[in-house]
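Computed from a prediction, not measured in an experiment: that's the story for all the values here.
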Amino acid sequence: MIDLHLHLDGSLAPEDVLTYARVSGVPLPTDKVEELRELLTVQPECRNLGEYLEKFDLPLRVLQTEETLEMSVCGLVKRLAAQGLCYAEIRFAPQLHTERGLTQREVVQAAVNGLEKGMKESGMPSNLILCCMRGSSNDAANRETVRVAGEFLGKGVCAIDLAGNEAAFPTGDFEDLFLEVRRREIPFIIHAGEAAGAESIRSAVKFGAVRIGHGIHAMEDPALMEELAEKKIVLELCFSSNLQTRAADVPEAYPLVLFHERGLCITVNTDNMTVSDTTLREEYRRLQKYFSLSRTIMEKLALHAAEGALIPERQKEILKKKVAEGFAGWL
C-alpha cells in the first residue's frame, strides 16, 4: 500500500506517453499503444542494468516541458491512488528534464504543481525525491539538484537520491556531493548494492543514507547486514526489477528471506511500473508466491514502508494505522 521506490519516467502508462508526445510536439516511433508498450517495457533477455536503463530514453523525451511534467506527476499520483495505495514517494532526476531549456527549478516547480493537484484530486498523500545522477561530468548539475531540493524541502520534496549506472560510477566517488547534502540537512537515499557489491552499500551507510535503494548485495557481508539491522536503515527492495537487471539471476537467489531472518528493515517496491510491467500489488503477490510468505510477514513488510516514509512522525502513525487496517483487504 506504500511505494517508496518509484521512478516517474519508468512508470508512465503508454497511453499517457502518447498524450504527452502530442502535447509537447515530440514524434514517437509508433502511435499504437501495444507497440509503444513493448518499446517501454524491458524484455526477458535483458542482460544487465545498462540495458534496463535504455528503456528510459523514450519517456524522457516527452517530459521536457512544464505542462507534461505537471500532467505526468498528477496522473501518476491518481493512478497509484486508484490502485489502492495510501502513500508514495515518486523520484526523478531534474537534470534529465532540461533539454528544451527548462531550469532544474522550473522542472521541480512543475512537478510539485502536479503533485499538489494529484493529491487534491485523489486524496492520497505523496512526496517527491530528487535524483542526482552518477556520471563523470555532471557534478555541477548534481549540486544544482541539491540546491533546488533544499529550496523545496518540506514543500513537496522529501529527499535526495543518487541513481544511474552504479557499476560504471562507484558510490564512493560521490562523498563530496553527500557532504554538501548533509550540510544542507536534506535526508538522502542512495541506489547501492544493485549493480555493485556490498562495498557500495557500505559507502552509502558511511555517507549517512537513511535508506538504500535495492541493497540486495548486502547478503555478501554478514557484518554489513548486522549494521543495517542495528541502524534500522531501510532497504527498498524491487523484486521484479532486480531479476530483470540480473542483480539476482533467479528468484531462489533473492535474499528477502535472509534479510527478514537477520532483522533488516525491508520494504516492497515497484521501481518502474511500466519498464518492469508490474504494480505494487503484483510485487507482493509475486513475493508471496516465490517465498511462501505468511500474511503476518507481508503485513510487516508493508509496515516497514510506513516506518521508512520520509514524513513527520504523526503522519507515520496515520500510515501505520491505514496499513494495519487495510492491508489484508487490499492484497
Side-chain angles (χ1 to χ4, degrees), residues 3 5-43 52-85 87-131 152 156-157 163 240-241 269-283:
D3 200 334
H5 191 121
L6 174 69
H7 290 269
L8 172 66
D9 43 1
S11 299
L12 303 184
E15 298 86 349
D16 291 334
V17 171
L18 286 172
T19 298
Y20 305 150
R22 286 194 292 268
V23 168
S24 56
V26 173
L28 295 176
T30 178
D31 60 359
K32 294 181 172 58
V33 171
E34 288 310 311
E35 291 180 1
L36 189 57
R37 188 186 310 277
E38 187 172 345
L39 293 173
L40 295 168
T41 304
V42 74
Q43 301 305 307
Y52 184 91
L53 293 176
E54 292 174 2
K55 293 297 179 179
F56 291 80
D57 294 344
L58 183 55
L60 281 172
R61 284 168 51 193
V62 303
L63 295 179
Q64 299 295 331
T65 70
E66 291 169 297
E67 185 176 8
T68 56
L69 283 160
E70 181 175 333
M71 291 171 66
S72 64
V73 175
C74 177
L76 182 53
V77 171
K78 291 164 63 176
R79 191 162 139 228
L80 295 171
Q83 293 173 2
L85 272 66
Y87 178 72
E89 291 177 2
I90 300 167
R91 63 188 72 190
F92 69 104
Q95 64 190 263
L96 300 182
H97 301 271
T98 59
E99 293 179 2
R100 292 174 65 172
L102 292 178
T103 65
Q104 289 199 44
R105 190 192 184 284
E106 290 170 335
V107 168
V108 176
Q109 183 66 69
V112 167
N113 292 345
L115 186 81
E116 292 174 347
K117 184 177 180 181
M119 289 193 294
K120 182 177 180 180
E121 294 182 6
S122 70
M124 186 189 80
S126 308
N127 271 302
L128 300 172
I129 297 170
L130 306 188
C131 295
F152 284 90
V157 171
S240 296
S241 168
N269 308 277
T270 58
D271 201 7
N272 302 282
M273 289 197 298
T274 303
V275 176
S276 288
D277 189 22
T278 193
T279 63
L280 188 64
R281 183 182 282 112
E282 184 62 27
E283 289 299 292

Check side-chain contact (heavy atoms from CB on, under 4.5 Å) between [X] and all other residues, then give those that pass, not counting sequence neighbours.
X: R281; answer: T279, R285, W330, L331
X: E35; answer: T30, K32
X: T103; answer: R105, E106
X: L96; answer: L60, A93, M133

Sidechain-backbone polar pair: T98 side chain, Q95 backbone, donor-acceptor under 3.5 Å =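 Yes: the side chain of T98 pairs with the backbone of Q95.
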Counting N and O atoms only, with roles assigned by atom type, does the side chain of T270 sit under 3.5 Å from a partner on the main chain of L280, one being a donor and the other an acceptor?
->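 Looks like no, no N/O pair under 3.5 Å.
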Mind checking what makes ring pair (Phe, Tyr, Trp, His ring centres under 6.0 Å) contact with H97, not counting sequence neighbours?
->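 H97 satisfies ring pair (Phe, Tyr, Trp, His ring centres under 6.0 Å) with F92 once adjacent residues are dropped.
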What pairs meet the ring pair (Phe, Tyr, Trp, His ring centres under 6.0 Å) rule with one or both residues in residues 6-41, with sequence neighbours excluded?
->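 Matches after skipping sequence neighbours: H5-H7, H7-H191.
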If you round to the nearest 0.5 Å, how far is [atom2] of [Y] from [atom1] of [X]?
X: S126; Y: L85; atom1: OG; atom2: CG; answer: 8.5 Å
X: L12; Y: L58; atom1: CG; atom2: CG; answer: 9.5 Å
X: D57; Y: L40; atom1: CG; atom2: CG; answer: 11.0 Å
X: R91; Y: D9; atom1: CZ; atom2: CG; answer: 11.5 Å
X: L36; Y: D31; atom1: CG; atom2: CG; answer: 9.5 Å
X: N127; Y: F152; atom1: CG; atom2: CZ; answer: 13.5 Å

Using side-chain heavy atoms (C-beta onward) and a distance below 4.5 Å, is [X] in contact with [Y]?
X: V77; Y: M124; answer: yes
X: T19; Y: V62; answer: no
X: R22; Y: L18; answer: yes
X: V108; Y: V157; answer: yes
X: R100; Y: S24; answer: yes
X: L128; Y: V73; answer: yes
X: M273; Y: L6; answer: yes
X: L76; Y: D16; answer: no

Can you tell me if E283 and S240 form a side-chain donor-acceptor pair at under 3.5 Å?
->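 Side-chain D/A pair, E283 to S240: present.
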Donor-acceptor side-chain pairing of D3 and Y87 below 3.5 angstrom |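 Note: D3 and Y87 side chains miss the donor-acceptor criterion.
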Heavy-atom closest contact ([X] atom, [Y] atom, distance):
X: T278; Y: N272; answer: CG2-O, 4.3 Å
X: D271; Y: S11; answer: O-OG, 4.2 Å
X: K55; Y: V42; answer: CE-CA, 3.9 Å
X: S122; Y: G118; answer: OG-O, 2.7 Å

Qualifying residues under salt bridge (Lys or Arg N to Asp or Glu O under 4.0 Å), relative to [X], sequence neighbours excluded:
X: E282; value: R286
X: E15; value: R37
X: K78; value: E121
X: E116; value: none

Mind running side chain to side chain contact (heavy atoms under 4.5 Å, CB included) on V17 and L28 for me, showing each step along the way?
-> CA-CA 9 Å; V17 171; L28 295 176; 4.2 Å; yes
Does E99 have any side chain to side chain donor-acceptor pair (under 3.5 Å) partners at least two apart in sequence or in another chain, and if so, which?
->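 Side chain to side chain donor-acceptor pair (under 3.5 Å) list for E99, sorted by chain: empty.
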Pair S72-L8, side chain to side chain contact (heavy atoms under 4.5 Å, CB included): steps then yes or no | CA-CA 8 Å; S72 64; L8 172 66; 3.9 Å; yes
Write out all pairs satisfying salt bridge (charged side-chain N to carboxylate O under 4.0 Å, His left out) with one or both partners inside residues 65-75, taking only residues at least two apart or from two chains.
->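 Those involving residues 65-75 do not exist here.
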